[in-house]
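Taking it in order: structure first as structure tokens, then the write-up.
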Amino acid sequence: ADQIEGGFLNAASVGRIVVLDASSSEELKLQDQTGPTITKWFPREISLVDIPGNYNALASLYDKDNNELNLADFNINFYESSKPNELITPSYAKFCEVVSMKELNKKVKPKDKNLNFIHSVAHIEFSAIDIALDACYRFRNLPREFYEDWLEVAEDEIRHFCMIENLLLKHGSRYGELSVHDGLFIALQKTSSSLTSRMALLPRYMEANGLDANAHIIKRLEAEGGQKDLIECLKVILKEEVSHVYKGDKWFKFACKKEGIDEKSYFDIILSLYPNSFKNVREINEQDRLKAGFSKEELCLIKNFSKER
């Protein structure tokens, strides 16, 4: 009571909300709102607090019988007719120095190589969050499963980024202290108007290349000894990103079928966007690529491309 009267506890935090009624009326919706509006509710749990807001906190929703509700229970509308905004500037440009890949390689000094590598992984994971969320935002009127898949991927990428940034913090650094490249953002721009190209390039080509690179790096680090924390993080990322490539493979094939495109055009799509693709001489991570949806025939073609180019 003294804390309330003294002004220390001066706000309320709502925890559990019991939903009694919801409406899909367009008149009740705010700008850009697509889901229903909760019109009748009451708080089951409420606390007096000294800090009135926390943007990370989410109130739990319950029905009148105390069953926890999920957003899926509200039949959210995933169909949108408005045109998505163009990709102009990467989100990280606000707090990172963004340079070209060529310039980035010149900036790295020998003594900074280990820290630079960890920072580069953090940048890839941060960019991957944007990639997953942009797929949800940019490509409209697709099956609900599409959005569920890429929101799951975004959740994984957020966790991956946090793991790697924790390593940066242990090294006395943080994400944004070193320069970063905009290669993945350019890839988003190149594929912003085509679901087929987006799924072919980002998850099925670039992230699939990551499966090869990650396996190679883990093997090298284990042979060198040390850096156990980094190795464990990379193993988690490798294991979980197989499913990301698999989702990309699934929706690439969906887009091909929808647009009447032969799935074998995958190589033509990639080469039309990046003519110097498939030059990689690194060992192919066949086991994980097969799990992610690649066929043995495709893996043979990728190997042959590498030998010929």
Side-chain angles (χ1 to χ4, degrees), residues 90 92 95-132 152-185 187 202-203 205-246 248 278-292 294 299 302-303 306:
Y92 47 81
F95 50 86
C96 291
E97 180 192 10
V98 183
V99 299
S100 69
M101 192 78 88
K102 189 175 182 180
E103 291 174 321
L104 186 66
N105 291 334
K106 290 180 180 178
K107 284 177 172 283
V108 182
K109 298 177 182 178
K111 65 178 181 179
D112 299 327
K113 280 190 174 181
N114 185 52
L115 181 60
N116 184 78
F117 171 71
I118 298 174
H119 193 276
S120 69
V121 176
H123 179 58
I124 290 170
E125 298 306 321
F126 189 92
S127 299
I129 299 168
D130 285 348
I131 291 168
E152 285 178 1
V153 170
E155 185 177 26
D156 286 347
E157 303 295 10
I158 290 169
R159 186 161 34 78
H160 296 169
F161 171 76
C162 290
M163 287 193 306
I164 298 299
E165 190 178 43
N166 283 336
L167 289 183
L168 285 174
L169 293 173
K170 287 182 179 179
H171 283 76
S173 183
R174 60 176 176 78
Y175 178 57
E177 283 196 345
L178 301 179
S179 301
V180 299
H181 66 81
D182 59 356
L184 291 171
F185 182 77
L202 271 303
Y205 176 70
M206 290 186 167
E207 195 162 8
N209 283 347
L211 298 180
D212 304 335
N214 203 340
H216 173 77
I217 292 167
I218 290 171
K219 186 176 181 179
R220 176 174 61 79
L221 291 176
E222 288 181 330
E224 293 174 356
Q227 301 201 61
K228 291 183 178 180
D229 288 347
L230 176 57
I231 292 171
E232 288 307 309
C233 286
L234 293 177
K235 284 182 176 180
V236 170
I237 291 171
L238 176 59
K239 180 180 178 181
E240 295 185 357
E241 294 198 345
V242 173
S243 67
H244 302 176
V245 180
Y246 176 80
F278 302 109
K279 283 186 175 181
N280 187 13
V281 294
R282 188 184 293 116
E283 182 181 356
I284 298 293
N285 182 354
E286 294 189 39
Q287 181 179 1
D288 285 335
R289 279 183 178 258
L290 288 171
K291 289 178 184 177
F294 282 84
L299 297 185
I302 292 172
K303 291 177 185 178
S306 299

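The first residue of the sequence shown is numbered 1, and numbering continues consecutively from there. Since this is a predicted model, take the numbers as computed values, not measurements. Computation of the quantities below employed the complete heavy-atom set of this structure, encompassing side-chain atoms and omitting hydrogens, waters and symmetry-equivalent molecules.
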Next on the checklist: Which residues pass the side-chain contact (heavy atoms from CB on, under 4.5 Å) test with E240, not counting sequence neighbours?
Outcome noted: D156, R159, H160, V236

Closest approach of [X] and [Y], non-hydrogen atoms and distance?
X	Y	answer
V153	A132	CG1-CB, 3.9 Å
F161	A122	CD1-O, 3.4 Å
V242	A292	O-CB, 3.7 Å
R174	L168	C-CD1, 3.8 Å

Would you compute the distance between atom [atom1] of [X] and atom [atom2] of [Y] and round it to the nearest 0.5 angstrom?
X	Y	atom1	atom2	value
L238	I231	CG	CD1	13.0 Å
C162	L167	SG	CG	11.5 Å
I218	C233	CD1	SG	10.5 Å
H123	S179	NE2	OG	10.5 Å
L234	K219	CG	NZ	15.5 Å
L178	C96	CG	SG	9.0 Å

Item to check | From CA spacing to verdict: ring-ring contact (aromatic ring centres under 6.0 Å, His included), Y92, F185 | outcome: CA-CA 10 Å; Y92 47 81; F185 182 77; 7.1 Å; no

Checklist entry - Has E155 got more than 12 heavy atoms of other residues, nucleotides or ligands less than 6.0 Å from its CD? => result no

Next on the checklist: For Y246, is the OH atom crowded, meaning more than 12 foreign heavy atoms sit under 6.0 Å from it?
Outcome noted: no

Does any non-hydrogen side-chain atom of [Y] lie less than 4.5 Å from one of [X]?
X	Y	value
V245	F294	yes
N285	Q287	yes
M163	E232	no
I237	I164	yes

Next on the checklist: Could you walk me through whether H216 and E283 satisfy the side chain to side chain contact (heavy atoms under 4.5 Å, CB included) test, starting with their C-alpha distance in whole Å, then the side-chain angles of each, then the deciding distance to 0.1 Å, before giving a yes or no?
Outcome noted: CA-CA 8 Å; H216 173 77; E283 182 181 356; over 6 Å; no

Item to check | Check against salt bridge (Lys or Arg N to Asp or Glu O under 4.0 Å), R289 and D212 | outcome: CA-CA 9 Å; R289 279 183 178 258; D212 304 335; 2.7 Å; yes

Item to check | Under 3.5 Å: donor-acceptor pair, side chain of D288, backbone of L211 | outcome: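 Answer holds: no.
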
Checklist entry - Should E103 and H181 be marked as a side chain to side chain contact (heavy atoms under 4.5 Å, CB included) after you check the CA-CA gap, both sets of side-chain angles, and the distance that decides it? => result CA-CA 9 Å; E103 291 174 321; H181 66 81; over 6 Å; no

Electrostatic pair [X]-[Y], nearest N-O below 4.0 angstrom:
X	Y	answer
K170	E165	no
K291	E286	no
E224	R220	yes

Checklist entry - Step by step, would you call M206 with I131 a side chain to side chain contact (heavy atoms under 4.5 Å, CB included)? => result CA-CA 12 Å; M206 290 186 167; I131 291 168; over 6 Å; no

Next on the checklist: Does E125 form a side chain to side chain contact (heavy atoms under 4.5 Å, CB included) with E241? I'd like the steps, not just the answer.
Outcome noted: CA-CA 11 Å; E125 298 306 321; E241 294 198 345; 3.3 Å; yes

Checklist entry - Can H119 and Y175 be counted as having a side-chain donor-acceptor contact under 3.5 angstrom? => result no

Checklist entry - Do E152 and H244 have side-chain N/O donor and acceptor atoms under 3.5 Å apart? => result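 No, no side-chain donor-acceptor contact under 3.5 Å.
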
